[in-house]
Number of protein chains: 2
Amino acid sequence: MSATNTEVTCDVREVLDRIGDRWTLPVIVELFQGPRRFRQLERGVEGISQRMLTLTLRKMERDGLVERTVYPTVPAQVEYELTPTGRSLSEVLQALAGWAAEHREVVIASRARWREQHPDTRS
Amino acid sequence: MSATNTEVTCDVREVLDRIGDRWTLPVIVELFQGPRRFRQLERGVEGISQRMLTLTLRKMERDGLVERTVYPTVPAQVEYELTPTGRSLSEVLQALAGWAAEHREVVIASRARWREQHPDTRS
DNA sequence: CAGAATCCTTAGTGATACTG
DNA sequence: CAGTATCACTAAGGATTCTG
């Protein structure tokens, strides 16, 4: 690595703190397809609760990953959209997806081997 | 994105499930420098508890990111080392580190702006 | 040295009910 | 529609003690 270890650690930790939770990533993926309204997201992101969608969007908005636009209609209509920063992050995440796809078999095999050799543990 | 959304979501989620916790990343970064013994890691990874180091290493071992070698000395000596899979993951993580470094300013600015406009909330 | 076992606290999350 | 407010729960992590 070119940077120092602590630098790398901190840098990546910051990203993970931002996207490492349960719902930020699925929301990013959904928004990558284009702007979405609140209810659309709720339906599009499978399994998310209304509360967690709100919290996740607020956090993303705070970090500048998402822009929130309120249209003064009745009833209110709110649109969420990835910012350029959010889009650039999405692209980096594809590298991660690529790695996962490439190494899935290896990891699965490793886990199977582990279970064989450690029949006692629950993981 | 070239793959489907659910594919991407699942792929990245798998990675995040593996490295998104509090300690896997710092341990990877430490091990990237070379093989380490248990106590070395405990000292090298700042703030980690003995328990969490054990749990983290077990998980990484199970997933094939780390190889554990026991030397039958007295007292026992155990060496941990990144596998090729673990090394390849480290490299992907640099892309993430790169993104973080590039966008840190933007994110910090966004948070400052957020705090100005939302003096009430605690985040 | 390299752990295992136990207890405890808290943050993250889910479910539910209510509102402008 | 787009949220907010509460409550309850669980799992991750920390502190401590013990051991081959």
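Given the structure is predicted, the values throughout are model-derived calculations rather than measurements. Note on naming: letters A, B, ... go to the chains in the order of the sequence lines (proteins, then strands), and numbering restarts at 1 for each one.
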### Task
Can you check each nucleotide of nucleotides 7-20 of chain C against protein heavy atoms at under 4.0 Å and return B for base, S for sugar-phosphate only, - for none, in 5' to 3' order?
------BBB-B---
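- Summarising the geometry, the separation between CG on B/L57 and P on C/dA4 is reported as 11 Å, rounded to the nearest angstrom.
- Atoms CD (B/E79) and C1' (C/dC1) sit 14 Å apart, rounded to a whole Å.
- The CG atom of B/L53 sits 16 Å away from the C1' atom of D/dA12 (whole-angstrom rounding).
- Between B/R68 and C/dG3 there is a side-chain polar atom (N or O) within less than 4.0 angstrom of OP1 or OP2.
- Salt bridge status for A/E30 with A/R36: present, with a side-chain N to carboxylate O gap under 4.0 Å.
- Rounded to the nearest 0.5 Å, atoms CD (B/E79) and OH (B/Y71) are 4.0 Å apart.
- Note on A/E42 versus A/R39: salt bridge recorded, some NZ/NE/NH1/NH2 to OD/OE distance being below 4.0 Å.
- A salt bridge between A/D17 and A/R13 is present, with a side-chain N of the basic residue lying under 4.0 Å from a carboxylate O of the acidic one.
- At whole-Å resolution of the value, CZ in A/R58 and P in D/dA5 are 11 Å apart.
- Checking each of B/R104, B/Q94, B/H103 against A/D11 for a side chain to side chain donor-acceptor pair (under 3.5 Å) leaves exactly one that passes, namely B/R104.
- Residue B/Y80 has a polar side-chain atom (N or O) positioned under 4.0 Å from OP1 or OP2 of C/dG3.
- Residue B/E67 places its CD atom among 12 or fewer non-hydrogen atoms of other residues, nucleotides or ligands, all under 6.0 Å distant.
- B/D17 has its CG atom 14 Å from the P atom of D/dA11, to the nearest Å.
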